[in-house]
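Structure record follows, encoded as structure tokens.
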Amino acid sequence: MVSLARGKSRLIATGSATALLAGGVVLAASGGGSSVLTTLASTVSIVTGQATSKPAPAFAANAGPDLTVKLPNTRVTLLGSVRGGTAQWTQLSGPAKVVFLATNNPSTPVMADKPGTYKLRLAVNNANGKVLTSDTVVVRVAANPTVIGSASTPLDHVLSFNRPAMRAGNTMVPLSMSSCAVSSSVTRELVRNWGFGAQFNEGTNYGEDLVFAEVKNNPGKYPLVFSQASFYGIYNNYDGHNAGYPVLPADTYLHDANGQIILEGGNPIVSPIAPDAAFRQIGAYMGKAMRQVEERTGQKTDLVINNGESGLWLTIDRWPWDKWGRDPKVTQALRAAGLDPTREGDWWKFLARNKARQERIIKETAYASLQLGQPRTYSWYGEGFGTERGRWAGWPWYNFLWEEYIDGNGRPQVSDYASPEMYYSFHNSGWSGLHGQQGIPYDGLTLLLRNAGGIRTLGQSLILPWVSQGWDGGDSGGISDDDMFIGAMKAIYTSGAAGAVVGYFTCDGAPFQAMRTNGVVGAQVPTQVRGLINTAKVHALFTYLEPFLRNGDLLPGDGNHAFHSWDITTPAMEFDVAGETKVNDPWNPDSKYHTARVLARKMRGADRWLVTAWANTGLDRDVRVTIDPRLGQLVLRARKAGSVYIVELVNGRVQQRLVDTDAMNPTRTLFPEQGAL
């Protein structure tokens, strides 16, 4: 008789029997007139051609094979198994703390994001928690092969970041870009691992575009984005000088009393009463390009972003009758609509109503060209309630009235979500500060919350903001620190962002050329890469918090927004924080401002809140705020990079959980396989 302990293997023979055993399993046995395959748990005995086994133990643990993770990937699934009792994973050693999705699941995913060797133990416990048996496994995390140095490119910098975890099956709007240029290699990596849609426009060179190849090689894997950069060329082609563009009807443009097209700077001015046919031509032009993307990829488009700022546009520091009133037919049409051309407010209604008509026709005509179905989301830049609406008398010169974009059923006619802009320190004071003349808050979040409160009054709840961390040179007001931008984005997503369009607006010079060609940038992370990556980190976090967006509402907060007039008042959409809410001028209640920001969403029909605390000034610190009397005064850690909590009432007791324990890497403890939080 020959015995073989589990975990070893050898060929053995006794008498007329021969057997090959490995790991406690008889792989083959022959001779002596019999052939036996028997699974054994401890030892195997072979006696003259017959195999017998001892009873298997009641409890067993197998931690599975050793595994390797290669950064920037940080997650791997353990391959353990147990028999009897309750499974329990623990970490025995390693350079950093690992995170298990489920410590009681033998085959759980695990996160390890620092290079080195990790030793993990899988135990079998009894009902009292006593360890009955255990086994160990080693997980090795290989260093990121991308080393940043003087010869690094934008793609190298993207690859150097550990990838965020996006919840599988989420229905957030894919991230997209409004940018002069980003190379195909960078875009492809953002599409693969950072939540961005595969973005195309009418200028895409399909034969050379790496994103196109990625989509073709992975049918249905990535959402498609179509970007319409502008329609300037079409609108300015009134005389047919550009054969590549359609020529719109003459009555598309303003005419003087003599019937001549009015030109400013050599270009015509689109009329508010331009005929529908003009916009069907533009929509057909856009639809042709969208159809080409559809045909070449074999996939429907998920998101259309129209960069706007062309066609019928804002008056910008001019009285409306000084611009539009030059055309007698426009004034006549305004009167025919029951409006008074001597009243400024009636002009704003008339212009917004017709802008909504024109943009709607473009969208509907482009959609009619498609064969695989309508895109899920359409976003026309600049469409929203208005970030400064009511702050000063001239605000309508810079903002169309979004109520004119809402149809009789309460649905937006053009953009599916309000599309406000929030560019760091551009037409705002950054993350804190007061307007120099009016002494009221003028930071980026306050302005954006004007939109959130305004669309709430119109029956809407979600936004698709156009955001930027800043850009190099030009008219940028500077570049935000990474942690502060991440904190701001957590607050913006809490306000109702279903996604974001990430902008960067330097279109010449070294930063532009490097991003366009993936050229050498050196060891410093390019500003545009910072904005793309930081937005994606926050977007990834909110793929797990999506139910709070889709099935919850942003709470109105304390008091009203600082920007108001006799006919416009909206809620503040944020809560006053004890000791962090200041008044700049005791005689001016609108001068109230916050040195820490707290926003909250409540799940409909449930005692669940999503609460975000952001230290927009100063250091990380504890703050106190009351968002619901039943919860009492909450103590939250306001961090520069923001803190996102889930607060619940369970059997009358308040339960509070910090979701993003790592503020700068907010999905560090989350896994794609898990459900929404």
Can you list the steps and then say if Leu634 with Val598 is a side chain to side chain contact (heavy atoms under 4.5 Å, CB included)?
CA-CA 11 Å; Leu634 299 175; Val598 173; over 6 Å; no
If you look at every heavy atom in Val173 and His539, which pair is closest and at what distance?
O-CE1, 3.2 Å
What closest approach, in Å, do Leu175 and Val225 show between heavy atoms, and which atom pair accounts for it?
O-CG2, 4.4 Å
Checking Arg630 side chain against Asp628 main chain: does a donor-acceptor pair fall under 3.5 Å?
no
Provide the full list of salt bridge (charged side-chain N to carboxylate O under 4.0 Å, His left out) pairs with a residue in residues 665-676, sequence neighbours left out, each pair given once.
Asp113-Arg668
Evaluate the side-chain proximity of Leu122 to Pro106: yes if any heavy-atom separation is below 4.5 Å, no if none is.
yes
Salt bridge (Lys or Arg N to Asp or Glu O under 4.0 Å) against Asp576, all qualifying residues, sequence neighbours excluded:
Lys592
Specify the closest pair of heavy atoms between Arg601 and Phe548, including all atoms of both residues, with the distance to one decimal.
NE-O, 2.9 Å
For Ser495, enumerate each residue passing the side-chain hydrogen bond (donor to acceptor under 3.5 Å, both in side chains) test, keeping only those at least two apart in sequence or located in another chain.
none
Option from Val501, Leu532, Ile305 for which side-chain contact (heavy atoms from CB on, under 4.5 Å) with Met177 holds
Leu532
pair Pro223-Arg376: side-chain heavy atoms closer than 4.5 Å
no
Applying side chain to side chain contact (heavy atoms under 4.5 Å, CB included), run through Asp558 and Thr626 and close with a yes or a no.
CA-CA 10 Å; Asp558 297 321; Thr626 301; over 6 Å; no
Could you tell me whether the side chain of Asn144 and the main chain of Leu159 form a donor-acceptor pair under 3.5 Å?
yes
Counting distance only, does the side-chain N/O of Glu294 pair as donor-acceptor with the main-chain N or O of Leu372 below 3.5 Å?
yes
Side chain proximity check, Gln199 to Ser176, heavy atoms < 4.5 angstrom
yes
To the nearest 0.5 Å, atom OG1 of Thr667 lies from atom CE of Met111 at 9.5 Å
Applying side chain to side chain contact (heavy atoms under 4.5 Å, CB included), name anything that partners Arg140, two or more places apart in sequence or on another chain.
Asp66, Thr68, Thr117, Val138
Side chain to side chain contact (heavy atoms under 4.5 Å, CB included) partners for Leu210, two or more places apart
Ser184, Ser185, Arg188
Side chains of Leu464 and Leu303 in contact at under 4.5 Å (non-hydrogen atoms):
yes
Kindly assign one of parallel, tilted or perpendicular to the pair Phe161 and Trp194, based on the angle between their ring planes and the thresholds 30° and 60°.
perpendicular
Thr77 OG1 to Phe671 CZ distance, which is reported to the nearest 0.5 Å
9.0 Å
Is there any salt bridge (charged side-chain N to carboxylate O under 4.0 Å, His left out) pair reaching into residues 633-658, and which pairs are they, with sequence neighbours excluded?
Asp483-Lys640, Arg608-Glu648, Asp622-Arg637, Arg639-Asp660
Quick one, Val141 and Lys114 - any side-chain contact, counting heavy atoms below 4.5 Å?
no
Main chain of Arg167, side chain of Asn170: is a donor-acceptor contact present, judged purely on distance under 3.5 Å?
yes
Strictly distance-based, threshold 3.5 Å: is any side-chain N or O of Gln656 a donor or acceptor partner for the main-chain N or O of Val635?
yes
Would you please test Leu670 and Leu677 for side chain to side chain contact (heavy atoms under 4.5 Å, CB included) and show each step?
CA-CA 10 Å; Leu670 302 174; Leu677 300 175; 4.2 Å; yes
What I'd like to find out is whether the side chain of Val659 reaches to under 4.5 Å of the side chain of Tyr544, using heavy atoms alone.
no
Under 3.5 Å side-chain donor-acceptor pair for Thr171 and Glu546:
yes
Parallel, tilted or perpendicular: which fits the ring planes of Phe542 and Tyr493, with parallel below 30° and perpendicular above 60°?
tilted
With sequence neighbours left out, which residue pairs that include part of residues 529-538 fulfil the salt bridge (charged side-chain N to carboxylate O under 4.0 Å, His left out) condition?
Asp482-Arg530
If every non-hydrogen atom of Leu549 is compared with every non-hydrogen atom of Ala497, which pair is closest and at what distance?
CD1-O, 3.3 Å
Who are the salt bridge (Lys or Arg N to Asp or Glu O under 4.0 Å) partners of Asp620, not counting sequence neighbours?
none
Looking at Leu224, is its backbone amide N or carbonyl O close enough to the side chain of Asp302 to form a donor-acceptor pair, meaning the two atoms are under 3.5 Å apart?
yes
Counterpart residues, side-chain hydrogen bond (donor to acceptor under 3.5 Å, both in side chains), relative to Asn73 (two or more places apart)
Arg163
Point-to-point distance, once rounded to the nearest 0.5 Å, from OG1 of Thr133 to CZ of Phe59
10.0 Å
Going by side chain to side chain contact (heavy atoms under 4.5 Å, CB included), name the residues that satisfy it together with Gln524, two or more places apart in sequence or in a different chain.
none
Interatomic distance, Asn105 atom CG to Leu78 atom CG [nearest 0.5 angstrom]:
9.0 Å
N/O donor-acceptor pair under 3.5 Å between Lys490 side chain and Val538 backbone
no
Main chain of Lys130, side chain of Asn128: is a donor-acceptor contact present, judged purely on distance under 3.5 Å?
no
If you round to the nearest 0.5 Å, how far is CD of Gln655 from CG of Leu631?
11.5 Å
Is the backbone N or O of Ala596 less than 3.5 Å from a side-chain atom of Asn616, with the two atoms forming a donor-acceptor pair by type?
yes
Given 3.5 Å as the limit, does a donor-acceptor pair link the side chain of Asp553 with the main chain of Lys602, or not?
no
4.5 Å side-chain heavy-atom contact, Trp609 and Asp607:
yes
Enter the distance from Leu101:CG to Thr669:OG1 here, rounded to the nearest 0.5 Å.
10.5 Å
Below 3.5 Å, can you tabulate the donor-acceptor pairs from side chains in residues 213-220 to any protein atom, sequence neighbours excluded?
| residue | atom | partner | partner atom | Å |
| --- | --- | --- | --- | --- |
| Glu214 | OE1 | Arg192 | NE | 3.2 |
| Glu214 | OE1 | Arg192 | NH2 | 2.9 |
| Glu214 | OE2 | Arg192 | NE | 3.1 |
| Glu214 | OE2 | Asn218 | ND2 | 3.4 |
| Glu214 | OE2 | Tyr222 | OH | 2.7 |
| Lys216 | NZ | Arg296 | O | 3.3 |
| Asn217 | ND2 | Ala213 | O | 3.1 |
| Asn218 | ND2 | Glu214 | O | 2.9 |

Stepwise, does the side chain to side chain contact (heavy atoms under 4.5 Å, CB included) test hold for Leu649 with Val654?
CA-CA 5 Å; Leu649 267 180; Val654 178; 3.8 Å; yes
If we only count heavy atoms from C-beta on, is the Ser134 to Arg121 side-chain gap below 4.5 Å?
yes
Checking Lys119 now: which residues fulfil side chain to side chain contact (heavy atoms under 4.5 Å, CB included) with it, not counting sequence neighbours?
Leu92, Ser93, Thr136
